[in-house]
Protein chains: 2
Amino acid sequence: MIRLLLAEDQGMVRGALAALLELEDDLEVVAQVARGDEIVDAVLEHRPDVALLDIELPGLDGIAAAAEVRRRAAQTRVLMLTTFGRPGYLRRAMEAGASGFLVKDGPADELAAAIRRVVGGERIVDPALAASALTAGENPLTGRERDVLRAARHGATVTAIANELHLSEGTVRNYLSSSIGKTDAANRIEAARRADDLGWL
Amino acid sequence: MIRLLLAEDQGMVRGALAALLELEDDLEVVAQVARGDEIVDAVLEHRPDVALLDIELPGLDGIAAAAEVRRRAAQTRVLMLTTFGRPGYLRRAMEAGASGFLVKDGPADELAAAIRRVVGGERIVDPALAASALTAGENPLTGRERDVLRAARHGATVTAIANELHLSEGTVRNYLSSSIGKTDAANRIEAARRADDLGWL
DNA sequence: GACCGCCCATGACGAACGTCATGGGCGATC
DNA sequence: GATCGCCCATGACGTTCGTCATGGGCGGTC
């Protein structure tokens with residue numbers, strides 16, 4: 001019997017996935033959590049064989065939780081399950097020690113199959129996603145560049161960003177300019193969008 | 001036996017929801033589709049009692065599909081099931097003739113309960129969402145204002161928008177300006193974001 | 001027929017943005 | 001100890017953005 005932990009913030013999706021997995025004779029959902037910061041405690045308490053983690057979760061993102069799980073409960077394998085197949089997500093998930101990376105777009109029967117393969121020691125990666133992760137390359141943004149792009153995502157002005165990050169306005173413009181260059185964008189918004197799509201933020 | 005059609009673009013979520021619903025003795029999923037433009041044909045072919053529709057679907061959005069279903073197969077009731085509880089979505093879904101509106105955030109057992117109530121002739125709406133739909137009011141944007149905001153969402157420049165919509169640049173700036181005013185925003189990006197959050201685009 | 005809202009356009013002006021040059025401080029690398 | 005990357009800052013310059021005034025065309029309403 002393969003014991004599973006399920007971390008997913010949308011209640012209906014979480015319940016539905018649990019129903020789907022319980023249909024399989026060899027799978028058993030032993031814990032469900034809705035927040036990223038509840039993952040580690042639940043893993044330590046229930047000791048699942050596989051932790052199925054969404055990435056975008058309240059409290060703590062799934063990738064950070066994955067790293068923590070690997071560190072504190074090495075016998076639990078981590079399988080990421082996400083809506084967004086962003087190259088940077090895949091890269092970071094793998095660096096965090098995940099055993100696999102699935103996008104929710106795929107067919108439903110792929111999930112149980114992937115879980116069994118992960119338990120068998122395999123690492124699961126969507127080939128197309130792996131290719132785009134390789135061509136996209138490393139995240140070229142520096143820490144501050146990520147900061148200003150994150151702040152600029154929803155249309156904040158230079159003044160607002162400067163206040164938020166305690167920087168001078170000129171410095172903010174400089175970081176925005178270099179970020180725009182690195183993302184091949186025409187302006188801050190396109191830069192933020194591209195960086196986000198690549199999982200760089 | 002309540003016969004269901006399921007429209008949802010993410011394969012794993014669709015399969016999982018089907019598994020969840022099949023657990024109920026009185027529910028039966030008779031058709032599943034991944035695209036909005038496949039909904040009407042599938043409804044006409046399978047004649048479900050309830051069509052469970054996601055809103056953001058490829059091909060045709062779920063609200064437009066709902067209107068079409070009401071028109072061509074009036075005995076099939078429509079229950080919207082979406083990730084985003086946007087006031088404008090709710091309003092438009094109801095205007096399109098939907099019998100209910102659920103967000104995926106809710107508990108999984110709410111889904112089957114809502115389906116049974118919809119079959120019984122009730123209309124299901126999240127109270128909090130209904131309140132925000134009422135306070136948000138009608139969509140104040142004109143057709144062209146929506147057009148330029150949609151085009152501006154991802155950082156397109158005035159020149160790019162003007163070319164895309166075959167307008168002069170001054171006209172585009174005017175529409176952006178009025179949209180910014182109506183959304184209480186400081187710039188085009190914030191305006192686009194707010195309008196999007198309210199389901200106005 | 002007057003009025004109103006939406007459409008489209010032009011011109012002008014101040015504010016914000018994106019770029020470039022320049023420079024100092026700091027830790028890591030060689 | 002020199003080099004390099006990242007951090008932060010300033011000043012200057014040209015471009016784009018957001019606003020306002022103004023006006024014509026067009027369809028619907030009172």
Side-chain angles (χ1 to χ4, degrees), chain A residues 88 91-92 95 136-201, chain B residues 88 91-92 95 136-201:
Chain A
R91 178 185 296 270
R92 283 192 284 154
E95 284 168 3
E138 289 274 355
N139 184 342
L141 300 175
T142 70
R144 277 312 206 184
E145 286 166 351
R146 280 196 299 275
D147 291 340
V148 294
L149 276 191
R150 259 196 299 268
R153 256 189 300 195
H154 300 316
T157 103
V158 166
T159 310
I161 301 174
N163 287 336
E164 185 182 336
L165 300 179
H166 304 293
L167 293 174
S168 86
E169 305 196 2
T171 302
V172 170
R173 276 208 299 278
N174 288 338
Y175 285 135
L176 284 172
S177 186
S178 58
S179 306
I180 290 168
K182 289 180 181 179
T183 51
D184 251 355
N187 54 53
R188 63 178 65 192
I189 304 303
E190 194 185 338
R193 189 184 185 284
R194 293 198 170 196
D196 205 7
D197 283 350
L198 291 167
W200 286 350
L201 298 186
Chain B
R91 179 184 296 268
R92 284 192 284 154
E95 284 168 3
E138 290 273 356
N139 183 344
L141 300 175
T142 71
R144 278 313 206 184
E145 286 166 351
R146 280 196 298 276
D147 290 341
V148 295
L149 276 191
R150 260 196 298 268
R153 256 189 300 195
H154 300 315
T157 120
V158 167
T159 311
I161 301 174
N163 287 335
E164 185 183 336
L165 300 179
H166 305 291
L167 293 175
S168 87
E169 305 196 2
T171 302
V172 170
R173 276 207 299 277
N174 287 339
Y175 285 135
L176 284 173
S177 186
S178 59
S179 307
I180 290 168
K182 288 182 181 177
T183 50
D184 252 355
N187 55 53
R188 62 178 66 188
I189 304 302
E190 194 184 339
R193 190 182 185 285
R194 291 197 171 197
D196 204 8
D197 283 351
L198 291 167
W200 286 351
L201 298 186

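Letters A, B, ... are given to chains in the order of the sequence lines, protein chains preceding strands, and every chain is numbered from 1.
Ion pairing of B/Arg193 with B/Asp196 is absent here, as no side-chain N (NZ or NE/NH1/NH2) approaches a carboxylate O to less than 4.0 Å.
The side chain of A/Ser168 contributes an N or O atom lying less than 4.0 Å from OP1 or OP2 of D/dT10. Look at A/Arg144 and you won't find any side-chain N or O under 4.0 angstrom from OP1 or OP2 of D/dC6. For D/dT19, neither phosphate oxygen OP1 nor OP2 lies less than 4.0 angstrom from any side-chain nitrogen or oxygen of B/Arg173.
Counting any heavy atom pair closer than 4.0 Å across all strands shown, B/Thr157 reaches sugar-phosphate atoms only and no base atom. Note on B/Gly181: nothing from the nucleic acid sits closer than 4.0 angstrom, heavy atoms only. Across all strands shown, B/Thr142 has heavy atoms under 4.0 Å from sugar-phosphate atoms exclusively, and none from any base.
Not a single donor-acceptor contact under 3.5 angstrom links the side-chain atoms of B/Asn187 to the base of D/dC17. Taking only distance into account, the side chain of B/Asn174 meets the base of C/dT10 through a donor-acceptor pair shorter than 3.5 Å.
In this structure, of C/dT19, D/dC17, C/dG11, it is D/dC17 that holds the atom nearest to the side chain of B/Val158.
Of the N and O atoms on the side chains of A/Glu145 and A/Ser178, at least one donor lies less than 3.5 Å from an acceptor on the other residue.
Summary of helix geometry: the two end axes of the helix from C/dG1-D/dC30 to C/dC30-D/dG1, each defined by five base pairs via their C1' atoms, are inclined to each other by 30° (rounded to 10°).
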### Message
Pair A/Asp197, A/Arg194 - check salt bridge (charged side-chain N to carboxylate O under 4.0 Å, His left out), show working.
### Response
CA-CA 5 Å; A/Asp197 283 350; A/Arg194 293 198 170 196; over 6 Å; no

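Annotation: of the two residues near DNA chain C, A/Gly170 and B/Thr171, the 5′-most nearest-nucleotide partner is B/Thr171.
When the P atom of C/dC6 is taken as reference, atom OH of B/Tyr175 falls 10 Å away, rounded to whole Å. Rounded to whole Å, the distance from CG on A/Asp184 to P on C/dT19 is 12 Å.
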